Amino acid sequence: MSEELRILFVTPEAHPLIKTGGLGEVAGTLPPALREIGVDARLLLPAYPGLIEQLNAQPLGAPLQVLSSMMPVQLFHGLMPDGSTPAYLIDAPALYHRNGPYVDENGKDWPDNALRFGLLSRVAAMFGIEGRSFGWKPQLIHCNDWQTGLTPAYLAHASGIRACSLISIHNMAFQGNFPPHWLTHLNLPRSSFGVQGVEFHGQLSFLKAGLYYADHITAVSPTYAEEIQTAEFGNGLEGLLSRRKDQLTGILNGVDSAHWDPENDPYLQATYSRSKLQGKAVNKRALQKRFGLEADPNVPLLGIVSRLTRQKGIDLVLAIADELLSQSVQLIVLGSGDKSFEAELRQLQQEHPETVGVHLGYNEKLAHFVEAGADIFLMPSRFEPCGLNQMYSMLYGTPPVVRRTGGLADSVIDATPRTLADGTATGFVFTGDNEAELLACVLRALILFQQKTAWRKLQISGMKQDFRWHRSAQQYLALYRSLITEG
Ligand code: ADP
Ligand code: GLC
């Protein structure tokens, strides 16, 4: 690598090691994309069960005393499974050897999450302060979401030459707010507990800390970067974000094109491409059978793959379900999340066993299969920082129905007479967060579905989209360069 930049990418999850959603996917794919363009990007994450073995990682140096309130921890280093990216793991079995990175089996936050992710943040900062003792000192620490939000605070309070910091916001709704007594356990100075610091409504806020102290902030789409400066999307931090708007940039995520490619997808019943779409019908038929639905090629099949939360507008789908199902349509939902949504979906399936299929749980293979087998993908999110599923669905010839928000607004082009005529349409977009607009939008999609030639054109223009990481990786590279030069 030439005059390579040294970037430490700190994250609480990374595909294929551990993934609960889009952040895991991004952390597994952006660092290798950066390495391809000459950046020495490395990962840092907690050593959850089995990770040391998966990476064949070796101990790095002697155990470290990181926070005075806890036992020493051991750092390990290895290579990500595809061999592309070096990764550092923090081995602290008492904190990280659990089932689930954030919550227990009942969906309840681990009570010591402040310590678990305070430790992650602190070790990241140590790389940026005294990295040479680990054999490698990054010039910039790229933090992600609240779990890494204290890193910029630690760096800001360190003396000497230190790395600069960037925090990417994947979701403002998760903030990591904890009672103030954690300040002492986490070795943060008392003076940092104020409006000009880590305090947020009387609590220690990891996200606020990151947004306040980081040298720069990114959001995972340009539209979300604008939205979070408003009360509707800012979750109370809109004031801080609009004050820092000159240091706030939106960069749309890319997708892992090797992993999400209908032409080379081992999870499908049949592969296909935009010039050979027949395989898509094979997947539809297999998916219908898998869920016990009539294998009719002409019935439009609506698909959802989602965390089941209000963010994703699952309640809006439930609200229009009866009306929708009174038409000739089928619906398949793969998801997990809020117990109440899970129960309502299960009930919907029981009421409509011939037209509704529901799989509750997290299932990577099935996610690919639904993207390929469905005709139309539903993603009516109330807010969506970026969203990956709508991009997968376009690439899989499954036009999405989305709300005009965040990354959905930035990646889907609504089918209007003009965009259909000029071939730029890729899906269906509505504006309000209400069921009437969602229903009208789905009906629009159903009408076009009947017009085979127009539908084919819509599918193909989605499949032609280039959502690969290279463009976004170049934007991150330019940003890293400017921050490192300024610093
Ligand atoms: P978010 O990160 O907000 O959940 P994204 O669209 O950015 O939303 O990313 C979600 C990722 O998680 C996608 O890769 C999607 O395929 C995956 N996913 C979500 N729910 C499931 C599920 N139940 N089973 C398998 N994969 C899922
Ligand atoms: C978050 C957001 C999602 C985004 C993902 C990756 O989970 O909810 O919109 O795609 O992070 O950045």
Side-chain angles (χ1 to χ4, degrees), residues 9 11-16 18-30 101-102 142-148 167-175 207 217-225 227-228 233 235 250-260 265 267 303-314 332-338 341-342 345 357-372 374 377-396 398 400 402-403 405-412 467 469 472 476:
F9 194 93
T11 175
E13 54 180 273
H15 182 78
I18 174 145
K19 168 180 156 190
T20 68
L23 170 56
E25 190 90 18
V26 170
T29 47
L30 173 56
Y102 316 127
H142 187 156
C143 306
N144 292 278
D145 273 353
W146 73 264
Q147 293 90 342
T148 61
I167 186 161
S168 289
I169 308 172
H170 299 262
N171 198 330
M172 289 289 298
F174 302 110
Q175 302 187 334
L207 182 62
I217 304 165
T218 61
V220 288
S221 67
T223 295
Y224 194 56
E227 288 173 336
I228 54 180
F233 296 94
N235 296 79
I251 301 179
L252 194 70
N253 288 331
V255 304
D256 179 358
S257 40
H259 190 56
W260 288 96
D265 188 332
Y267 296 142
I304 294 180
V305 179
S306 183
R307 286 188 290 117
L308 302 175
T309 63
R310 236 181 90 77
Q311 172 190 345
K312 302 290 178 180
I314 298 302
I332 286 178
V333 183
L334 163 63
S336 62
D338 294 358
F341 289 141
E342 293 192 353
L345 283 166
V358 173
H359 181 99
L360 299 177
Y362 196 91
N363 186 324
E364 187 80 28
K365 180 174 179 200
L366 199 49
H368 287 243
F369 194 19
V370 174
E371 291 283 7
F377 192 80
L378 299 188
M379 197 160 169
S381 307
R382 290 211 159 70
F383 67 96
E384 196 58 79
C386 176
L388 298 172
N389 279 305
Q390 81 283 7
M391 301 201 225
Y392 304 150
S393 77
M394 286 181 267
L395 297 174
Y396 278 62
T398 310
V402 303
R403 180 169 180 229
T405 182
L408 300 175
D410 292 337
S411 59
V412 183
F467 294 124
W469 266 110
S472 316
Y476 279 109

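Atoms within each ligand, like the ligands themselves, are counted from 1 in listed order. Keep in mind that what you see is a predicted model, and the values were worked out from it rather than measured.
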**Item:** Minimum-distance protein heavy atom relative to atom 12 (O) of ligand 2
**Value:** His170 ND1, 2.6 Å

**Request:** Would you mind running through ligand 2 and noting each atom that sits below 4.0 Å from a heavy atom of Gly22?
**Result:** 5 (C), 6 (C)

**Message:** Any donor-acceptor pair under 3.5 Å linking the side-chain atoms of Tyr102 with those of Glu13?
**Reply:** yes

**Message:** Considering non-hydrogen atoms of the protein only, which is the closest contact for atom 21 (C) of ligand 1, and what is the distance?
**Reply:** Tyr362 CE1, 3.5 Å

**Item:** Nearest-0.5 Å distance, CG of residue Leu388 to CH2 of residue Trp260
**Value:** 9.0 Å

**Request:** Look only at interatomic distance and state if Leu388 has a nitrogen or oxygen under 3.5 Å from any nitrogen or oxygen of ligand 1.
**Result:** yes

**Message:** Return the closest protein heavy atom for atom 24 (N) of ligand 1 as residue, atom name and distance.
**Reply:** Asn363 N, 2.9 Å

**Asked** Which of these, Gly22, Gly361, Gly337, has its nearest heavy atom closest to atom 23 (N) of ligand 1?
**Response** Gly361

**Asked** How long is the gap from OG on Ser411 to CE on Met394, to the nearest 0.5 Å?
**Response** 4.0 Å

**Prompt:** Is a side-chain donor or acceptor of Arg382 paired with a backbone partner of Arg310 at a separation under 3.5 angstrom?
**Reply:** yes

**Complete:** Val220 heavy atoms within 4.0 Å reach ligand 2 at atoms 12 (O)

**Request:** Could you tell me which atoms of ligand 1, counted from 1 in the order shown, lie closer than 4.0 angstrom to a heavy atom of Gly21?
**Result:** 2 (O), 11 (C), 12 (O)

**Request:** Tell me, please: is Gln311 in heavy-atom contact with ligand 2, that is, under 4.0 Å?
**Result:** yes

**Request:** Distance to 0.1 Å, residue and atom name: give those for the protein heavy atom nearest to atom 14 (O) of ligand 1.
**Result:** Lys19 NZ, 3.0 Å

**Prompt:** Looking at Leu252 and Met391, what are the two nearest heavy atoms and their distance?
**Reply:** CG-CE, 4.3 Å

**Prompt:** Between Arg307 and ligand 1, does any nitrogen or oxygen pair lie at a separation below 3.5 Å?
**Reply:** yes

**Request:** If you have a sec, work out which protein heavy atom is nearest atom 16 (O) of ligand 1 and how many Å separate them, to one decimal?
**Result:** Asn389 OD1, 3.1 Å

**Request:** May I ask you to identify, for Cys386, whether its side chain, its backbone, both or neither come under 4.0 Å of ligand 1 on a heavy-atom basis?
**Result:** neither

**Asked** Taking all atoms of both residues into account, what is the closest heavy-atom pair of Ile167 and Asp145, and its distance?
**Response** CD1-O, 3.9 Å

**Asked** Closer than 4.0 angstrom: is that true for some heavy atom of Gln390 and an atom of ligand 1?
**Response** no

**Item:** Polar proximity ligand 1 side, Glu364 side, N/O cut 3.5 Å exclusive
**Value:** no

**Prompt:** When rounded to the nearest 0.5 angstrom, what distance separates CG in Asn389 from CG in Leu334?
**Reply:** 9.0 Å

**Close N or O approach (Val26, ligand 2; < 3.5 Å)** = no

**Asked** Looking at Glu371 and Thr398, what are the two nearest heavy atoms and their distance?
**Response** O-OG1, 2.6 Å

**Prompt:** Gly335 near ligand 1, heavy-atom distance under 4.0 Å?
**Reply:** yes

**Item:** Gly254 to Ser472 - nearest heavy-atom pair and separation
**Value:** N-OG, 4.0 Å

**Asked** What atoms in ligand 2 come closer than 4.0 Å to a heavy atom of Asn171?
**Response** 8 (O)

**Prompt:** Going by distance alone, is a donor N or O of one side chain under 3.5 Å from an acceptor N or O of the other, for Asn144 and Thr11?
**Reply:** no

**Prompt:** Judging by distance only, is a nitrogen or oxygen of Gly387 under 3.5 angstrom from one on ligand 2?
**Reply:** yes

**Asked** In Å and rounded to the nearest 0.5 Å, what is the OH to NE2 distance from Tyr392 to His259?
**Response** 7.0 Å

**Message:** At less than 4.0 angstrom from any non-hydrogen atom of Ala367, what atoms of ligand 1 do you find?
**Reply:** 25 (C), 26 (N)

**Prompt:** Between atom CG of Asn171 and atom CD1 of Ile228, what is the distance when rounded to the nearest 0.5 Å?
**Reply:** 10.5 Å

**Request:** Please report the shortest heavy-atom distance between Gly335 and Leu308, naming the atom on each side.
**Result:** C-CD1, 3.6 Å

**Message:** My understanding is that only one of Gln390, Arg403, Gln311 makes a side-chain hydrogen bond (donor to acceptor under 3.5 Å, both in side chains) with Glu384; could you say which?
**Reply:** Gln311

**Request:** Determine, using heavy atoms of Arg307 and all atoms of ligand 2, whether some pair is separated by less than 4.0 Å.
**Result:** yes

**Asked** Of all the atoms in ligand 2, which lie at a distance below 4.0 Å from a heavy atom belonging to Pro385?
**Response** 2 (C), 8 (O), 9 (O)

**Asked** Hey, which atoms in ligand 1 end up nearer than 4.0 Å to a heavy atom of Glu25?
**Response** 14 (O)

**Prompt:** Donor-acceptor pair, Thr148 side chain versus Cys143 backbone, under 3.5 Å?
**Reply:** no

**Request:** Considering heavy atoms of the protein only, find what lies nearest to atom 9 (O) of ligand 2 and give residue, atom and distance to 0.1 Å.
**Result:** Glu384 OE2, 2.4 Å

**Item:** Nearest non-hydrogen protein atom, atom 8 (O) of ligand 1
**Value:** Lys312 NZ, 3.1 Å

**Asked** Near Asn253, which atoms of ligand 2 are under 4.0 Å from a heavy atom of that residue?
**Response** 6 (C), 10 (O), 12 (O)

